[in-house]
Amino acid sequence: RKHPHQEFIQVNTSNILFICGGAFVGLEQIIEQRLNRKSMGFGAEIRGKGDVRLGDLLAKVQPEDFLKYGLIPEFVGRFPNIISLHELKKDHLLSILSNVKNNLVVQYKWLFNQDGVELEFDTDSLDLIAERTLATKTGARGLHSELERVLLPHMYNLRDYKERNIINVVIDKNQVNTPNKLEGNK
């Protein structure tokens, strides 16, 4: 009910499929404890930061780990299948950026084209955008934020570009590092 004076509506959830996703920060420590791996102290395994991949550890998650994490049993019981995903790599991000149907690059090119300005990206700029996104660990969603950061100075000046006969905006590594609007004709 949405209001204290409304009636309760009962819903039978036995035939409803629940799908949940999230970044469960700290869950890997609970899994390590369950697997009897000591992460600190005299009996701890000494290993480098890159020795155990987070994705490999999360692949061993069990419902009991979610209970220790703090989720209630009624909620955990709704998820009979638990699947963990591995982190995206640079080539995955580049593919998402420019190879999939209706990718972000195509969308921004279309947006600029609506104001009569052609948008181009050189290969190095797309590489740098993917690298910056990897550094922030924001996954595929981070690509959109990174592109917005790079293209924002241009998007607000498209009409000005058209008046000054700037018909082509080329995004290179310099524009990715320090985005700014174009001053001359290009």
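Scope of the values below: all heavy atoms of this structure, side chains included, with no hydrogens, waters or symmetry mates.
The shortest non-hydrogen separation linking Lys173 to Leu128 is O-CD2, 3.9 Å. The two residues Glu74 and Arg78 make their nearest non-hydrogen contact at O-CG, 3.4 Å. Smallest separation of non-hydrogen atoms from Val105 and Ser98: CG2-CB, 4.4 Å.
Under the rule for a side chain to side chain contact (heavy atoms under 4.5 Å, CB included), the partners of Leu104 that lie at least two apart in sequence or sit in another chain are Leu97, Gln107, Leu143, His144, Leu147. Residues forming a side-chain hydrogen bond (donor to acceptor under 3.5 Å, both in side chains) with Asp65 (at least two apart in sequence, or on another chain): Arg34. By the side chain to side chain contact (heavy atoms under 4.5 Å, CB included) test, Asp115 is found to be paired with Leu158, Arg159, residues two or more places apart in sequence or in another chain being considered. Among residues two or more places apart in sequence or in another chain, the side chain to side chain contact (heavy atoms under 4.5 Å, CB included) test is passed with Ser145 by none. Under the rule for a side-chain hydrogen bond (donor to acceptor under 3.5 Å, both in side chains), Glu28 has no partner lying at least two apart in sequence or in another chain.
Two different hydrophobic clusters hold Leu58 and Ile19 under the rule that ILVMFWY side chains link at heavy-atom gaps under 4.5 Å. At a threshold of 4.5 Å between side-chain heavy atoms, the hydrophobic network of Ile, Leu, Val, Met, Phe, Trp and Tyr places Phe79 and Leu85 in two separate groups. Tracing side-chain contacts under 4.5 Å through hydrophobic residues (I, L, V, M, F, W, Y), one never reaches Val25 starting from Leu88; they form parts of separate clusters. Both Phe24 and Leu35 are assigned to one and the same hydrophobic cluster, defined by single-linkage of ILVMFWY side chains at heavy-atom distances under 4.5 Å. Under the 4.5 Å side-chain heavy-atom criterion for ILVMFWY residues, no single connected hydrophobic cluster contains both Val106 and Val100.
Rounded to the nearest 0.5 Å, atoms CG (Asp124) and CD1 (Ile171) are 13.5 Å apart. To the nearest 0.5 Å, atom CG of residue Leu27 and atom OG of residue Ser84 are 9.5 Å apart. Atom-to-atom distance recorded for Phe112:CZ and Asn168:CG is 11.0 Å, nearest 0.5 angstrom. Once rounded to the nearest 0.5 Å, the distance linking NZ of Lys60 with CD1 of Ile31 reads 9.5 Å. In this structure, CD in Glu32 is found 5.0 Å from CG in Leu57, a value given to the nearest 0.5 Å. From Thr123, atom OG1 reaches atom CG of Asp172 across 11.5 Å, with rounding to the nearest 0.5 Å.
Contact annotation: the side chain of Pro63 approaches that of Ile82 to within less than 4.5 Å [non-hydrogen atoms, C-beta and beyond]. Side chains of Leu94 and Leu126 form a contact here, defined as non-hydrogen atoms less than 4.5 Å apart. No side-chain heavy atom of Ile166 sits under 4.5 Å from any side-chain heavy atom of Asn157. Between Glu87 and His92 there is no side-chain heavy-atom pair separated by less than 4.5 Å. In this structure the side chain of Leu119 never reaches within 4.5 angstrom of the side chain of His154, judged on heavy atoms. Taking 4.5 Å as the limit, every side-chain heavy atom of Leu151 sits out of range of all side-chain heavy atoms of Leu111. Using a 4.5 Å cut-off on side-chain heavy atoms (C-beta onward), Gln175 and Phe121 make no contact. Considering only heavy atoms from C-beta on, Asn177 comes within 4.5 Å of Arg132 through its side chain.
Enclosure of atom CD in Glu131 by more than 12 non-hydrogen atoms of other residues, nucleotides or ligands within 6.0 angstrom is indicated. Sparse packing is recorded around NZ of Lys162, with 12 or fewer heavy atoms of other residues, nucleotides or ligands lying under 6.0 Å away. The local environment of CZ in Phe18 is crowded, with over 12 non-hydrogen atoms from other residues, nucleotides or ligands closer than 6.0 Å.
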Let me see the working for Arg149 and Val176 under side chain to side chain contact (heavy atoms under 4.5 Å, CB included), right down to the final yes or no. CA-CA 8 Å; Arg149 183 191 64 79; Val176 174; 3.9 Å; yes
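In summary, of the residues considered (Gln62, Glu64, Lys68), a side-chain contact (heavy atoms from CB on, under 4.5 Å) with Ile30 occurs for Lys68 alone.
Residues in residues 133-143 take part in these side chain to side chain donor-acceptor pair (under 3.5 Å) pairs, two or more places apart or across chains: Thr136-Thr138.
Taking the ring centroids of Phe75 and Phe66, they lie at or beyond the 6.0 Å cut-off.
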